[in-house]
Amino acid sequence: MGQPVFRPRRLREKPLLRNLVRETRLGVDDLVYPVFAVHGRGIRDPIASMPGQCRLSVDELLKDAKDVAGMGIPALLLFGLPDEKDPRGSEAYAEDGIVQQAVRAVKDTVPDLLVVTDVCLCQYTSHGHCGVVEDGAVRNDPTLELLARVAVSHAEAGADMVAPSDMMDGRVGAIREALDEANYAEMPIMAYSAKYASSFYGPFREAADSAPQFGDRRSYQMDPANGAEAMREIALDLDEGADIVMVKPALPYLDVISRAKTEFGVPLAAYSVSGEYAMIKAAGQLGWLDERRAMMEALTAIRRAGADIVITYFAKDAARLLEHDRGA
Ligand code: PBG
């Protein structure tokens, strides 16, 4: 019986050696923390299906923003809940809309923290769709002008980057053009390029009160069965001027992340969505798995697949753990 020449276990015995040969690192620098802003004062309203996450009024959001920056997390991804919804989602592009107020406040108070804004209409429309509805259908081209207005209003408020999540065709180009015309040629766009029509957005829709009032989002978000189409979506967004592209959700789409990184080699974000967070939290609370280890394993897997940037509701928990590991 010959001895095996290569014994992979040689490098697994000692923790320091394991560290030395580790291929993928998750760093606090890679994380983006999504937050929900609401009108009012002193509001810290827990989201039932996302334990640990709250809807925050701007004054409370500032406290969190300071914490997040203090932990070394580089960026917030900001979502807003308007006071009133209407068919064209007009608060989404209002100068004193909730997101615009929150951006100004965070940039005034915590200037070193990047503020990325979600550009979409669904939290703001009475029908809950991401675009203009006519005759019961979500219309693509009339929506583009509104999305461009949303993006410019975020830029005017001082956002560091805009992130369109609506999945209308041509929106990156429309937003790029509007930003350039308004003198924001330097403003980067992170496009939700391969965004799937996913059941994993359930908790977010509860948090943001953004479930469609009729039908679903399958006429604009991608079919979960499609991989090659995601590459086309990414190529289109890059052609239209996207600076960072995104795959969303993350865990059920690691193959898409990996393919995107290999095929394009551009800065790539992955959004580990509300349902991914809720699954791990729920199983952790039931004692069915070790929440912290499951979290770190999932986030590391998303990096291993090829994501440069990981958008996650676990950002603060992960940052605390990473800090602790370094200290220990
Ligand atoms: C808005 C938007 C959604 C999410 C991010 N931006 C919801 C949706 O498309 O229905 C989901 C994020 C999450 O589930 O964490 N278009």
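No experiment lies behind these values; they were computed from the predicted model shown. Remember, it's 1-based here, ligands and their atoms both numbered in the order they're listed.
Distances from ligand 1 to the non-hydrogen atoms of Tyr277 include no value under 4.0 Å. Ser210 does not count as a contact of ligand 1, since none of its heavy atoms falls under 4.0 Å from the ligand. For the pair Lys248 and ligand 1, a heavy-atom separation below 4.0 Å is found.
Remark: side-chain polar atoms of Lys261 are paired, donor with acceptor, to backbone N or O of Val266 under 3.5 angstrom.
Shortest non-hydrogen contact noted between Glu13 and Arg18 is O-NH1, 3.6 Å.
In this structure, a donor-acceptor pair under 3.5 Å is present between the side chains of Asp118 and Ser165. A donor-acceptor contact closer than 3.5 angstrom is absent between the side chains of Gln123 and Ser210. Residues His39 and Glu84 have side chains that never bring a donor and an acceptor to within less than 3.5 angstrom of each other. No side-chain donor-acceptor contact under 3.5 Å links Tyr93 and Glu145. Tyr313 and Glu276 form no side-chain donor-acceptor contact under 3.5 Å, judged by distance and modelled atom types alone. Using a 3.5 Å distance cut-off with no hydrogens or angles, the side chains of Glu206 and Ser49 do pair a donor with an acceptor.
Of the heavy atoms in Asp118, only side-chain atoms (C-beta onward) come closer than 4.0 Å to ligand 1. Residue Ser165 touches ligand 1 through backbone and side chain together, judged by heavy-atom distances below 4.0 Å. Residue contacts with ligand 1, taken as heavy atom pairs separated by less than 4.0 Å, involve Ser274 via backbone and side-chain atoms alike.
Within the listing of ligand 1, atoms 1 (C), 2 (C), 3 (C), 6 (N), 8 (C), 9 (O), 16 (N) sit less than 4.0 angstrom from a heavy atom of Lys195. Interface atoms of ligand 1 facing Tyr313, defined by a heavy-atom separation under 4.0 Å, are 12 (C), 13 (C), 15 (O). Taking a cut-off of under 4.0 Å to the non-hydrogen atoms of Tyr271, the atoms of ligand 1 that pass are 12 (C), 15 (O). Those atoms of ligand 1 with a heavy atom of Cys122 less than 4.0 angstrom away are 1 (C), 16 (N). Distances below 4.0 Å separate heavy atoms of Arg217 from the following atoms of ligand 1: 8 (C), 9 (O), 10 (O). Close approach of ligand 1 to Phe79 is summarised as follows: ligand atoms under 4.0 Å from at least one heavy atom of the residue are 5 (C), 6 (N). Near Cys120, with a cut-off below 4.0 Å to any heavy atom, the atoms of ligand 1 are 16 (N).
Nearest non-hydrogen protein atom to atom 12 (C) of ligand 1 is Phe204 CD1, 3.4 Å. Among all non-hydrogen protein atoms, the one lying nearest atom 10 (O) of ligand 1 is Arg205 NE, 2.6 Å.
Classified by interplanar angle (parallel below 30°, tilted 30° to 60°, perpendicular above 60°), the ring pair Tyr253/Tyr196 is parallel.
Taking the ring centroids of Phe314 and Tyr33, they lie at or beyond the 6.0 Å cut-off.
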